[in-house]
Amino acid sequence: MSAIDVQTLHPFDLPPKDAIQMQRWLAERVVTTGRFKKKLKLVAGVDCSPSPGGVLHASIVVCEPPDWDVLEEVHASATPRMPYIPGLLSFRELPIVLEAMRRLKTRPDVILVDGQGLAHPRRMGLATHLGLHIDVPTIGVGKSRLCGTHGEPGPESGEWTPLMDKGRRIGLVVRTRDEVKPVYVSVGNNVGLLPAARVVLATCTRFRLPNPIRHADRMSRALARMA
DNA sequence: GCGACAG
DNA sequence: ATCTTGTCGC
């Protein structure tokens, strides 16, 4: 199943019951393996922010080492066709994220998404759904838990504990800096879980969240404030 | 039936 | 996502 096939054949504005069935169908197409043989050159971050009027603003930034500062940024804004429903976030945000993706000139090695990947009740978080539409590996980085259970990871940067759901390991709860609240890392598409966690840790140079996501968050928030 | 619930 | 006060630490 190619990325092109997936994007040609489904709409995003579906009744919840149909959206859930679509997720089950999509989940069978996910690839949960892959790693980076060469040193990473470009890592992108994605985030969306709502403006008071209800318009959603998506920002994608491409960052480069060693400090993971911004090399390129693109944006897209639109009124979402779906409300926010826990578990159906991607149907609301993905159309706008994909519009921003089309404006990207550079080609990142991997994309970090603000939200879950496989750490989702049907294994179809925003990062995974996005990953099925593009040829770039995606990783989910959630600031809070959607589903699954876990213990408390050790207090230091780099320590982690598995996120379990229905007997399966769906992600890792990762401490990205000393003494900060951990983040929820999960596979989006076309990458393994441990390589994913390594990318997240490598791009957290100073703060809890990876630089690409922090920059995307800052940019989308700024757009939302101006509108 | 009840609670939980990414952004 | 946003709203909101105080508190702690650099």
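A note on names: the letters A, B, ... follow the listed sequences, proteins ahead of strands, and every chain is numbered from 1. Because the structure is predicted, anything quoted here is derived from the model rather than measured.
- Annotation: salt bridge (Lys or Arg N to Asp or Glu O under 4.0 Å) contacts involving residues 84-99 of chain A, sequence neighbours excluded, comprise A/E99-A/R102, A/E99-A/R103.
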note = Per-residue pairing states of DNA chain C in dot-bracket (Watson-Crick or G-U under 3.5 Å; . unpaired, | other strand) read ..........
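- Taking the six-membered ring where tryptophan is involved, the planes of A/H129 and A/F12 are tilted, since the angle between them lies from 30° to 60°.
- Of the side-chain N and O atoms in A/Y184, none sit less than 4.0 angstrom from OP1 or OP2 of B/dA6.
- Residue contacts for A/L126: at a heavy-atom cut-off of 4.0 Å it reaches a base atom on one of the strands shown.
- A close approach under 4.0 Å does occur between a side-chain nitrogen or oxygen of A/S144 and OP1 or OP2 of B/dG7.
- Contacts of A/G140 with the nucleic acid, taken as non-hydrogen atoms under 4.0 Å apart, are absent.
- With no hydrogens or angles considered, a side-chain donor-acceptor pair links A/S220 and A/S49 at under 3.5 Å.
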Output one line per pair: protein atom, nucleotide atom from nucleotides 2-4 of chain B, and distance, for all N/O pairs under 3.5 Å.
none

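- Regarding A/R123, its CZ atom lies at a distance of 16 Å from the P atom of B/dA6, rounded to whole Å.
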Polar atom pairs (N or O), protein with nucleotides 4-10 of chain C, under 3.5 Å:
none

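- Within the structure, the ring pair (Phe, Tyr, Trp, His ring centres under 6.0 Å) test picks out no pair touching residues 47-86 of chain A (sequence neighbours left out).
- Listed by first and then second residue, the salt bridge (Lys or Arg N to Asp or Glu O under 4.0 Å) pairs that reach into residues 172-194 of chain A are A/E152-A/R175, sequence neighbours excluded.
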Grab the N/O contacts between the protein and nucleotides 1-3 of chain C below 3.5 Å, and write none if there aren't any.
residue : atom : partner : partner atom : Å
C/dA1   : OP2  : A/K143  : NZ           : 2.7
C/dT2   : OP1  : A/R221  : NH1          : 2.9
C/dT2   : OP2  : A/R221  : NH1          : 3.0

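- Within 4.0 Å of A/L88, counting heavy atoms only, lies at least one base atom of the nucleic acid.
- Under the rule for a salt bridge (Lys or Arg N to Asp or Glu O under 4.0 Å), the partners of A/R221 that lie at least two apart in sequence or sit in another chain are A/D217.
- Applying the ring pair (Phe, Tyr, Trp, His ring centres under 6.0 Å) rule to pairs touching residues 167-193 of chain A yields A/H150-A/Y184, sequence neighbours excluded.
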inquiry  = Reading 5' to 3' and counting Watson-Crick or G-U wobble pairs with both distances under 3.5 Å, write the dot-bracket notation for DNA chain B, | for bases paired outside the strand.
reply    = .......
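- Cation-pi contact between A/R214 and A/F207: present, with separation from the ring centre below 6.0 Å and deviation from the ring axis of at most 45°.
- With sequence neighbours excluded, no residue forms a ring pair (Phe, Tyr, Trp, His ring centres under 6.0 Å) with A/F36.
- Applying the salt bridge (Lys or Arg N to Asp or Glu O under 4.0 Å) test to pairs two or more places apart or on separate chains, those with a residue in residues 106-132 of chain A are A/D114-A/K143, A/R123-A/D165.
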